[in-house]
Amino acid sequence: MKLTKARALVIIAFSVPIAIELRTVAGFFNIDLPLIAIAVIEFLFLALMFVLYGLYGEGSESAS
Amino acid sequence: MATASGPARTFVDRFPSEAGVIKANLLVSFVALGIGAFFGLVQALHRTDILRVIDSADYYTMLTGHGVLLAIVFTIFFLTGFFHWATARSLDRPAVSTLYSWAWFGLMTTGTVLATIAILGGLVPNLGISADVLFTFYAPLQAHPIFYIGLAMFIVGTWLAGADWFLSYRAWRSDNKGERIPLQMFMVLTTMIMWYLATLGVAVSVVFFLIPWSLGLIPSVNPLLTRTLFWYFGHPIVYFWLMPAYMMWYTILPKLSGGRLFSDPLARVVFLLFLLLSTPVGIHHQYLDPGIAEGFKFIAMTNTMFLLLPSLLTAFTAVASMEHGARQRGGEGYLRWLGALPWRDPAFTGMALAGILFAAGGFSGMINAGMNINYLIHNTLWVPGHFHLTVGTAVALTMMAGSYWLVPQLTGTKLYSRPIGLLQVIMWFVGMVFMSNAMHRAGLAGIPRRTAEPQYQNFEFLTPIGSIFELRVQIALGGTLLFLSVVLFLFNILLTSLGEESDRPVDEYLPEPLSGPEGSPRVLDNLGLWTGIAVVLVILAYTLPLAGIIQNGGGLFGGGLPIPATVSAGLDFVTTLVTTTVNTLLEVAA
Ligand code: HEM
Ligand SMILES: [Cu+2]
């Protein structure tokens, strides 16, 4: 499946609640994630999306 | 009016006068959205102490404006416009009288302007007009009479609007004897019956108590009575907001996802359940009100839990219809079909994202509804966290997304920009995730709602994870994204309406459901029967509590010392009332 701009945007949107609640989930296992760790994880995820978009997404969105 | 230049392209060509009325309704709705969102931004920045442009003393004025303009004006004017569209479209006939349609629109708008003047008057010192009573207008907070008068005009306007749609339906019925009510029309009618039943409470409260009190004609009111009458209406108004969104999820979303509605009869059942159950639950907003017996609160809680059923049915139908659409578009696998949905279309994506946040709001709503855990979060920021997911997103975002598909039918122009639309709905989702998540967490930490200064001296709120400061930043960031999202929306809609006429503004065809109404029991369409049952349920749920409140709370107009109402006191009051009435009648007859 092609990674269109729209799909990439929606995936990024979904990553936000997951990132925010990651600390709660880690808390269940008694791991204290600092805010900066979350920021780094989300940043890495965004970088990954950019790479994937570069590899699999076509700049222009033709079919979807 | 392009009827001369060939076949009708879209709604505006077939129903030009209706389109005019609908556009006017949407205009008022969107102006309210813009102003209300701006107030929201001011509040979000103010109470988090990030940026303060107003005086804390003016916070309630802003908050009243925000609540009234968004939760009442934006949502309900959108609803009246949308229902007017749905009535003409689904019956395929114009309204009975255009003049009459403009009359109810005019009444609603005049009422809105009066109430808004009263609210904004609070910002002008020495004017002597203010209405800092919040959108719940609880006594003993008192507004200038024109606030209540405006409100009453607005509500009467919605009644007249409902009559407009009932008249269309009657005219259609006389031409189509024995046919099933078209689905969208069915939804309009059931929603309006619920609204008539529900607004009786607020009408009595405003006309008999609050207006005379604000004019000084009566010295006091029974605050618990007016509060109870408010919440008698205050819960069903939730469904009044939601029903247009549900209607879009049932009748438009399946088409946008490339498929058809899963089941027409199931949709009818859901709307009937809302008609029956949405009013006899209002007391669930009053779990902490002292004058109401626990037993009545328990009944309200039980009914509330039943109300989950139609919402779960809706979640099932909406997802099933989307999956059907995705598979029509070539989607496969257990979950991979999700990728085949038309995510590029802001109308689709906005509604889908709204539905997802609604599920989250449903979960936090169950916490609110539980009589005992409600104590944990009552009147904290958790509550605004919850309803910004429901009315603030499930409804508001669905309405904005739906506009991307609806407005081109009214203007005959193409949507100005799909990418901006997509960005807008995504920004709303992300902004709301930030703001509402932090509000829920702040509420758990005990931070109150409706306060400009949540920073108490010599007292620290504690959070289990992170810090209060992070939560404040999260709220401010979310609020800013939300405001920008509204700006993008308004900009996109404005440029759409200014655009050039197009031959095919939007694909407005709505396909038939997979399972149509034919096989379903005809009794579903017997609106008289369902109205009767709804009235009986309301009488059962409210007679005793109201009787108790009047008897023990110092009478209809207060003044006396309140005693907590009990079930037996309510029962006593009703039996005395009934026996004296019967005796008097017998004496008169004799
Ligand atoms: C621009 C987006 C928005 C922002 C930044 C925003 C922000 C806020 C904030 C911070 C509060 C809580 C204030 C407090 O309790 O002290 C609030 C309350 C409220 N909001 Fe929003 N909001 C937005 C959109 C909406 C929408 C779309 C709706 C409904 C359709 C809505 C309805 C309400 C209501 C009913 C209240 C409660 C008012 C009261 O307590 O009397 N908001 N909003
Ligand atoms: Cu409620």
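Each chain gets a letter, A, B and so on, in the order the sequences are listed, and its residues count up from 1.
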### Query
Are the side chain of A/R7 and the backbone of B/W343 linked by a donor-acceptor contact shorter than 3.5 Å?
no
### Query
chain B: which of A/V16, A/I20, A/D32 shares the most heavy-atom pairs with it under 4.5 Å?
A/I20
## Note on the structure
Test side chain to side chain contact (heavy atoms under 4.5 Å, CB included), reference A/V10, set B/I426, B/V425, B/L338, output is B/I426
### Query
Quick one: CZ on B/F469 to CG on A/L35, what's the gap to the nearest 0.5 Å?
10.0 Å
### Query
If you draw a 6.0 Å radius around CD1 in A/I36, do more than 12 non-hydrogen atoms from other residues or ligands fall strictly inside?
no
### Query
What are the two closest non-hydrogen atoms of B/G466 and A/R23, and how far apart are they?
CA-NH1, 3.6 Å
### Query
Within a radius of less than 6.0 Å around OH of B/Y509, do more than 12 heavy atoms belonging to other residues, nucleotides or ligands occur?
yes
### A/F14/B/I356 under side-chain contact (heavy atoms from CB on, under 4.5 Å): CA gap, chis, key distance, verdict
CA-CA 10 Å; A/F14 285 149; B/I356 290 166; 3.5 Å; yes
### Part of A/L9 within contact of chain B (heavy atom distance under 4.5 Å)
both
### Message
For A/A6 versus B/L422, what's the shortest heavy-atom pair and its separation?
### Response
CB-CD2, 3.6 Å
### Message
If you compare all heavy atoms of B/N437 against all heavy atoms of A/E21, which two are closest, and at what distance to 0.1 Å?
### Response
ND2-OE2, 2.6 Å
